[in-house]
2 protein chains.
Amino acid sequence: MELSCKSEYALLALIELSLHYSKGEPLRICQIAAEQAIPDRYLEQLLATLRRAGFVKSQRGAKGGYLLTREPWKITLLDVVSCIEGFEAKAKEVKSPTTAEGAAVWEVWHEVRQGAEAVLEKYTLQDLVDQRNARQQVDLMYYI
Amino acid sequence: MELSCKSEYALLALIELSLHYSKGEPLRICQIAAEQAIPDRYLEQLLATLRRAGFVKSQRGAKGGYLLTREPWKITLLDVVSCIEGFEAKAKEVKSPTTAEGAAVWEVWHEVRQGAEAVLEKYTLQDLVDQRNARQQVDLMYYI
DNA sequence: ATTATACTCCGGTTCTACAGTGGGGATTAC
DNA sequence: GTAATCCCCACTGTAGAACCGGAGTATAAT
């Protein structure tokens with residue numbers, strides 16, 4: 001379970017799309033990239049992955065861009081992260097330990113992974129949006 | 001928090017040392033490497049790191065090898081992993097999020113990390129040794 | 001139909017870290 | 001002294017992350 005910059009970019013983009021979800025209008029890559037300070041050509045690759053996985057759909061041509069295919073509260077962070085970090089995560093898990101010591105270590109590794117997945121599964125995109133709004137509320141209070 | 005092959009090798013080596021801890025005799029790199037199927041020249045580097053961090057001490061010359069400096073139940077897996085995965089983990093954490101969305105993601109990342117650390121802190125080398133022994137017991141029962 | 005927009009696919013580059021290898025030197029037991 | 005063993009430095013190979021560019025193509029606005 002990697003928590004790389006890649007996953008973070010993907011999540012930020014999806015949060016941005018969640019914020020515009022109710023409008024129903026597509027959001028351009030360059031808009032998302034500018035808002036979240038992500039290199040746009042890199043974000044393009046990530047959105048392509050997310051599109052192939054069915055999280056977003058694209059609308060080509062003028063006034064085009066990306067849209068969420070599901071409601072923000074129906075996409076968990078685990079969905080996104082495991083999509084971005086690749087399906088070969090399974091292959092890594094299959095490597096069977098050769099020694100009794102290896103098996104003991106493997107069990108702990110597995111527990112750590114399960115814990116991480118449990119946390120990521122607990123939150124949806126909507127939760128992050130709400131958290132963001134709450135944070136901005138706090139910032140506003142400080143401003144006053 | 002990486003759970004790479006590197007950390008696994010280091011843990012396996014320390015478990016091996018824990019098994020011989022009561023004997024008080026040093027264990028050679030090549031013995032550990034052979035037992036756990038680890039490339040010996042690579043293990044040497046990891047043990048050097050563990051030595052500099054104070055988990056093991058070395059005895060040079062003929063009949064030399066490595067010894068644990070503390071009792072196996074006084075070393076948690078978190079101690080080992082955070083030593084091996086490097087101190088620059090802190091540097092990665094310091095990267096402050098620039099947007100409200102980034103802060104929301106960062107909080108989740110932090111929670112995942114805390115969860116992983118909690119699991120790793122829960123177990124000591126002795127726990128893994130006990131787990132190994134229990135597993136071998138089961139294997140023995142199947143054998144009979 | 002034209003045109004601008006913007007996605008799609010192809011490739012390449014740079015950088016970093018991991019994983020593993022090798023040589024020469026230092027230290028200690030015997 | 002000799003053999004055994006650790007110590008240090010440097011090196012290669014591979015993989016992945018992050019990023020950049022360009023040519024092509026689909027779509028919608030006009």
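Proteins get letters first, then strands, A, B, ... in listed order; numbering begins at 1 in each.
Atoms OH (Tyr9(A)) and C1' (dC19(D)) sit 10 Å apart, rounded to a whole Å. Per the geometry, CG belonging to Leu47(B) stands 15 Å off C1' belonging to dG20(C), to the nearest Å. The distance from atom CZ of Arg28(A) to atom P of dC7(C) is 8 Å, rounded to the nearest whole Å. Atom CG of Leu46(A) and atom P of dC20(D) are 13 Å apart (whole Å). Summarising the geometry, the separation between NZ on Lys6(B) and P on dA17(C) is reported as 9 Å, rounded to the nearest angstrom. Atom-to-atom, CD of Gln31(B) to P of dT5(D) comes out at 8 Å; the value is rounded to the nearest Å. Atom-to-atom, CZ of Arg51(A) to P of dA6(C) comes out at 17 Å; the value is rounded to the nearest Å. For the pair Arg41(B) CZ and dT5(D) C1', the interatomic distance rounds to 11 Å; values are reported in whole Å.
Of the candidate nucleotides dC6(D), dC7(D), dC7(C), dC7(C) has the atom nearest to the side chain of Tyr66(A). The side chain of Lys63(A) approaches dA29(D) more closely than any other nucleotide in the set dA29(D), dC18(C), dT8(C). In this structure, the nucleotide among dT8(C), dC20(D), dG20(C) sitting nearest to the side chain of Gln45(A) is dC20(D). Ranking dA18(D), dT5(C), dC8(D) by closeness to the Ala62(A) side chain, first place goes to dT5(C). The listed nucleotides are dC7(D), dA19(C), dA17(D); the one nearest the side chain of Tyr42(A) is dA17(D).
In this structure, the separation between CD on Glu16(B) and CG on Leu19(B) is 5.5 Å, given to the nearest 0.5 Å. For the atom pair Glu121(A) CD and Gln114(A) CD, the distance stands at 10.0 Å (nearest 0.5 Å). Interatomic distance, Leu128(A) CG to Asn133(A) CG, rounded to the nearest 0.5 Å: 11.0 Å. For the atom pair Leu125(B) CG and Thr76(B) OG1, the distance stands at 8.0 Å (nearest 0.5 Å). Between the CD atom in Gln126(B) and the OG atom in Ser18(B) there is a gap of 7.0 Å [rounded to 0.5 Å].
Nearer to the 5' terminus of DNA chain C, by closest-nucleotide assignment, is the contact made by Gly61(A) (compared with the other of Gly61(A) and Pro39(B)). Each of Arg60(A) and Arg52(B) was matched to the nucleotide of DNA chain D holding its nearest heavy atom; the match closer to the 5' end belongs to Arg52(B).
For Ser4(A) and dG16(D), the shortest distance from a side-chain N or O to OP1 or OP2 is not below 4.0 Å. The phosphate of dT8(C) has OP1 or OP2 within less than 4.0 Å of a side-chain N or O from Ser58(A).
Within the nucleic acid shown, Gln59(B) comes within 4.0 Å of sugar-phosphate atoms alone, with no base atom in reach, counting heavy atoms only.
A donor N or O paired with an acceptor N or O is not found under 3.5 Å between the base of dC19(D) and the side-chain atoms of Glu44(A).
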